[in-house]
Amino acid sequence: MKIVVIGGSGLIGTRLVARLREQKHEVVAASPNSGVNSVTGEGLAEALKGASVVVDVSNAPSWEDSAVLKFFETSTRNLLTHEAAAGVGHHVALSVVGTERLSESGYFRAKIAQEKLIKASSIPYTIVHATQFFEFLKGLADTSSNGDEVRLPHVLFQPMAADDVASATAKAALSPPLNGIVEIGGPEQFRLDELVRRRLASLDDRRKVIADPKALYSGAKISEKTLVPGDNARLGETRFETWLKQSSAQIPTSHASPPASQRRPLDSRTGSNP
Ligand SMILES: NC(=O)c1ccc[n+]([C@@H]2O[C@H](COP(=O)([O-])OP(=O)(O)OC[C@H]3O[C@@H](n4cnc5c(N)ncnc54)[C@H](OP(=O)(O)O)[C@@H]3O)[C@@H](O)[C@H]2O)c1
């Protein structure tokens, strides 16, 4: 089966492409660097020729409110139009658990818009709602920092490893379309502030993490269960401590940040902002 992975060079995309190739599918890892741009449309018609499934694991280069909305709306419209023309039978998109509860956030309004376009289109679809990636914990601290203080709410949190996200997304791509949402999450529940504190400690990052009920998440107020999946979620296998042991040596501990308005708080390719 021919499968096109939009965002095939990203954190999830590279892992997903590898898993699908292991199973002997013909996989196109599509991204601007490989000449396929879902925003301008460049290379899309050629990439989608003969494809049965398109998996969208792309992400916007800027998370400023209007830029990210424009990215997900334009990209999703282009993909769905080209998929209809190419006769693609299944559109799979990766989104976030609780997206519908986070409309105060510009980033999540963009994800809501993406999902709305998918649901309204004629292409059969599956939306995979994943919890936050372990790889994103440091980026989350960075965008919640003021000097040496990181303020985060003491809410439930059930993040997962990027490898497990890729496995579950591959499974969705190889299954019949649900025309609905499947939720995936990590095997353990934590408190958001506590896990970020543990992650920073593992990086020898001295910033102080403070539990603050008024702290926002990606610009939105959140409550106890905003970020956790429902009872039917499929859970990944990788526990936080196992991931930490495997990955701590590979993740850089410092970086230069862009202006706060353009930071990508969910960016996780390196555990920091781009
Ligand atoms: N971070 C989290 O905790 C979390 C949790 C749940 C769901 N998600 C979702 O997971 C998805 C993937 O996240 P990620 O961290 O894997 O992203 P990522 O590592 O930032 O990768 C983004 C990918 O998008 C590609 N891309 C950017 N602009 C493009 C364009 N115009 N056309 C085609 N491809 C383009 C990039 O290509 P280049 O390499 O060429 O730039 C790259 O391959 C996102 O949609 C996000 O909402 C994230």
Side-chain angles (χ1 to χ4, degrees), residues 4-18 28-44 47-48 54-63 67-79 82 91-99 102 105-115 118 127-143 157-166 168-169 172 181-186 192 195-196 199 217-218 227-229 233 236 243 263-274:
V4 179
V5 177
I6 305 292
S9 58
L11 176 82
I12 302 302
T14 46
R15 290 162 169 78
L16 175 61
V17 166
V28 177
S31 72
N33 283 333
S34 67
V36 184
N37 190 319
S38 55
V39 172
T40 63
E42 181 199 352
L44 267 186
L48 264 55
V54 170
V55 190
D56 183 7
V57 289
S58 66
N59 216 343
S62 164
W63 290 10
V68 69
L69 182 63
K70 196 169 172 204
F71 175 89
F72 278 113
E73 284 190 334
T74 311
S75 169
T76 306
R77 276 201 192 100
N78 275 339
L79 287 174
H82 281 85
H91 179 94
V92 179
L94 183 58
S95 192
V96 189
V97 163
T99 290
L102 287 159
S105 153
Y107 182 82
F108 285 97
R109 282 197 295 278
K111 296 299 286 185
I112 289 169
Q114 176 190 18
E115 293 188 20
I118 294 167
I127 296 171
V128 179
H129 267 193
T131 57
Q132 289 66 35
F133 314 151
F134 292 148
E135 287 80 353
F136 152 64
L137 292 171
K138 183 179 175 293
L140 177 55
D142 294 342
T143 54
F157 191 48
Q158 201 174 330
M160 61 192 297
D163 279 332
D164 289 344
V165 177
T169 307
I181 294 173
V182 59
E183 285 192 322
I184 59 175
L192 177 56
L195 199 66
V196 171
R199 178 64 181 131
Y217 175 84
S218 189
L227 301 180
V228 291
W243 173 84
R263 284 183 194 157
R264 302 175 55 201
L266 300 189
D267 182 80
S268 39
R269 234 185 286 191
T270 60
S272 65
N273 294 305

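Atoms within a ligand are numbered from 1 in the order they appear, just like the ligands themselves. Residue indices begin at 1 and follow the sequence shown. Hydrogens, waters and symmetry mates play no part in the numbers below; they use all other heavy atoms, side chains included.
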Exercise for review: Ignoring hydrogens, just give me the one of V165, N59, T131 whose non-hydrogen atom is nearest atom 22 (C) of ligand 1.
Suggested key: N59
Point to revise | Student check: side-chain heavy atoms of L140 and Q132 closer than 4.5 Å | key: no
Review point. Side-chain contact, heavy-atom cut-off 4.5 Å: W63 with F71?
Key: no
**Study point:** Y107 and F72 aromatic ring geometry - parallel, tilted or perpendicular at 30°/60° bounds
**Key:** perpendicular
Check your understanding: Would you say the side chain of L44 lies within less than 4.5 Å of the side chain of V36, judging by non-hydrogen atoms?
Key -> yes
Review point. Counting heavy atoms only, which part of W63 comes closer than 4.0 Å to ligand 1: side chain, backbone, both or neither?
Key: neither
Exercise for review: State the atoms of ligand 1, each with its element, that fall below the 4.0 Å cut-off from a heavy-atom position in G10.
Suggested key: 19 (O), 21 (O), 42 (C), 43 (O)
Practice item. Would you tell me which option among G7, A130, A162 has the nearest heavy-atom contact to atom 6 (C) of ligand 1? Key: A130
Review point. Is there side-chain contact between F157 and L137, with heavy atoms separated by less than 4.5 Å?
Key: yes
Point to revise | side-chain contact (heavy atoms from CB on, under 4.5 Å) partner of I12, the single match among V57, V17, V5 | key: V57
Exercise for review: Please indicate whether any nitrogen or oxygen in L11 is less than 3.5 Å from any nitrogen or oxygen in ligand 1.
Suggested key: yes
Point to revise | Region of K111 engaging ligand 1 - heavy atom pairs below 4.0 Å | key: side chain
Check your understanding: For atom 9 (C) of ligand 1, which candidate among L94, L137, T169 holds the nearest heavy atom?
Key -> L94
Review point. Which of the atoms of ligand 1 are close to V39, meaning less than 4.0 Å from one of its heavy atoms?
Key: 31 (N)
Practice item. Could you tell me whether the side chain of V128 reaches within less than 4.5 Å of the side chain of V92, counting heavy atoms only? Key: yes
Practice item. Number the atoms of ligand 1 from 1 as they appear, then name those within less than 4.0 Å of a heavy atom of N33, with their elements. Key: 38 (P), 39 (O), 40 (O)
Check your understanding: Which atoms from ligand 1 have a heavy atom of V57 less than 4.0 Å away?
Key -> 12 (C)
Revision key, fill the gap. For Q132, the atoms of ligand 1 under 4.0 Å from one of its heavy atoms are 3 (O), 5 (C)
Revision key, fill the gap. Ligand 1 to S95, heavy atom cutoff 4.0 Å, flagged ligand atoms 6 (C), 7 (C)
Practice item. Give the single entry among S9, S58, P32 that approaches atom 29 (C) of ligand 1 most closely by any heavy atom. Key: P32
Point to revise | Per-atom contacts of ligand 1 with N37, taking only distances under 4.0 Å to non-hydrogen atoms | key: 30 (C), 31 (N), 32 (N)
Practice item. Could you tell me whether the side chain of T131 and the main chain of P229 form a donor-acceptor pair under 3.5 Å? Key: no
Practice item. Would you indicate whether the side-chain heavy atoms of S218 and L102 approach each other to under 4.5 Å? Key: no
Review point. Against heavy atoms of V36, which atoms of ligand 1 measure under 4.0 Å?
Key: 32 (N), 33 (C)
Point to revise | Flag side-chain contact, heavy atom, 4.5 Å: D56 against I118 | key: no
Point to revise | Nearest option to atom 4 (C) of ligand 1, as decided by whichever heavy atom of F71, F108, F133, F134 sits closest | key: F133
